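Worksheet: the structure to be examined is printed underneath.
Numbers here simply count residues along the sequence, with the first being 1. Everything numeric here is computed off the predicted structure, so don't read it as measured data.
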Amino acid sequence: MAALNLNALFFNHEISFCKVYNVESKDKLEKLLVSNRISFFVEWQEKRFWERFFRTEGGEVFTIHINEADTTLARNLAEGIESVQIASA
């Protein structure tokens with residue numbers, strides 16, 4: 001089987017791009033990423049044991065992972081969205 005030659009391509013270079021602190025901002029950022037053809041993965045923060053039984057207001061944190069090659073474009077898109085904290089790199 002021949003090996004893939006990926007000279008200048010970023011392949012499987014996933015980074016934690018940002019943390020989002022509410023659902024509305026997450027949805028807005030997802031739409032921007034999709035419309036600009038940036039693939040992403042949303043990781044939901046696990047709730048603590050007692051938070052599973054008692055409803056807590058807000059408290060939802062999402063980590064969005066993207067390919068390292070798309071960092072500049074994604075940073076420009078996410079810049080104006082509230083409740084989005086871009087990871088420093």
Side-chain angles (χ1 to χ4, degrees):
M1 180 177 279
L4 293 175
N5 186 5
L6 303 172
N7 294 335
L9 299 177
F10 285 99
F11 181 75
N12 199 20
H13 284 263
E14 180 182 293
I15 61 167
S16 296
F17 171 65
C18 67
K19 289 194 180 285
V20 183
Y21 295 97
N22 69 37
V23 177
E24 293 81 19
S25 296
K26 178 188 73 70
D27 292 340
K28 185 175 181 180
L29 183 58
E30 283 180 345
K31 287 179 185 176
L32 283 172
L33 294 174
V34 168
S35 66
N36 285 279
R37 296 180 177 216
I38 297 175
S39 62
F40 62 94
F41 168 72
V42 178
E43 179 182 8
W44 292 53
Q45 178 180 339
E46 289 291 325
K47 291 190 175 193
R48 295 183 183 105
F49 180 73
W50 62 85
E51 290 176 342
R52 293 179 188 167
F53 298 106
F54 304 106
R55 291 188 181 253
T56 56
E57 293 300 320
E60 296 195 76
V61 178
F62 310 94
T63 303
I64 297 186
H65 302 271
I66 63 170
N67 189 298
E68 188 178 13
D70 297 323
T71 304
T72 305
L73 177 58
R75 187 178 303 268
N76 291 338
L77 294 172
E79 212 166 59
I81 302 174
E82 64 181 54
S83 300
V84 174
Q85 181 181 9
I86 299 173
S88 58

**Pairing residues for K28 by the salt bridge (Lys or Arg N to Asp or Glu O under 4.0 Å) criterion, not counting sequence neighbours** = none
**Message:** List the residues meeting side chain to side chain donor-acceptor pair (under 3.5 Å) with N36, not counting sequence neighbours, and say none if there are none.
**Reply:** none
**Message:** Applying side chain to side chain donor-acceptor pair (under 3.5 Å), can you list everything that pairs with K31, at least two apart in sequence or on another chain?
**Reply:** none
**Message:** Using the salt bridge (Lys or Arg N to Asp or Glu O under 4.0 Å) criterion, which residues pair with E30? Sequence neighbours excluded.
**Reply:** K26
**Item:** Rounded distance [0.5 Å steps], CG in L29 versus CG in L77
**Value:** 8.0 Å
**Asked** Sequence neighbours excluded, which residues qualify as ring pair (Phe, Tyr, Trp, His ring centres under 6.0 Å) partners of F62?
**Response** W44
**ring pair (Phe, Tyr, Trp, His ring centres under 6.0 Å) contacts touching residues 65-84 (sequence neighbours left out)** = F41-H65
**Prompt:** For the hydrophobic clusters of this structure (ILVMFWY residues joined by side-chain heavy atoms under 4.5 Å, transitively), does one cluster hold both I86 and I64?
**Reply:** yes
**Item:** Point-to-point distance, once rounded to the nearest 0.5 Å, from CZ of F17 to CG of D70
**Value:** 10.0 Å
**Prompt:** With hydrophobic residues grouped by side-chain heavy-atom distances under 4.5 Å, do V23 and V61 end up in a single group?
**Reply:** no
**Prompt:** Partners of T63 by side chain to side chain donor-acceptor pair (under 3.5 Å), sequence neighbours excluded?
**Reply:** K19
**Request:** Drop me the distance from L32's CG to E79's CD, to the nearest 0.5 angstrom.
**Result:** 12.5 Å
**Message:** For S25, give me all partners under side-chain contact (heavy atoms from CB on, under 4.5 Å), at least two apart in sequence or on another chain.
**Reply:** V20, N22, I81, E82, S83, V84
**Request:** Would you give the length of the straight line joining atom CD1 of I66 to atom CG of L33, rounded to the nearest 0.5 angstrom?
**Result:** 7.0 Å
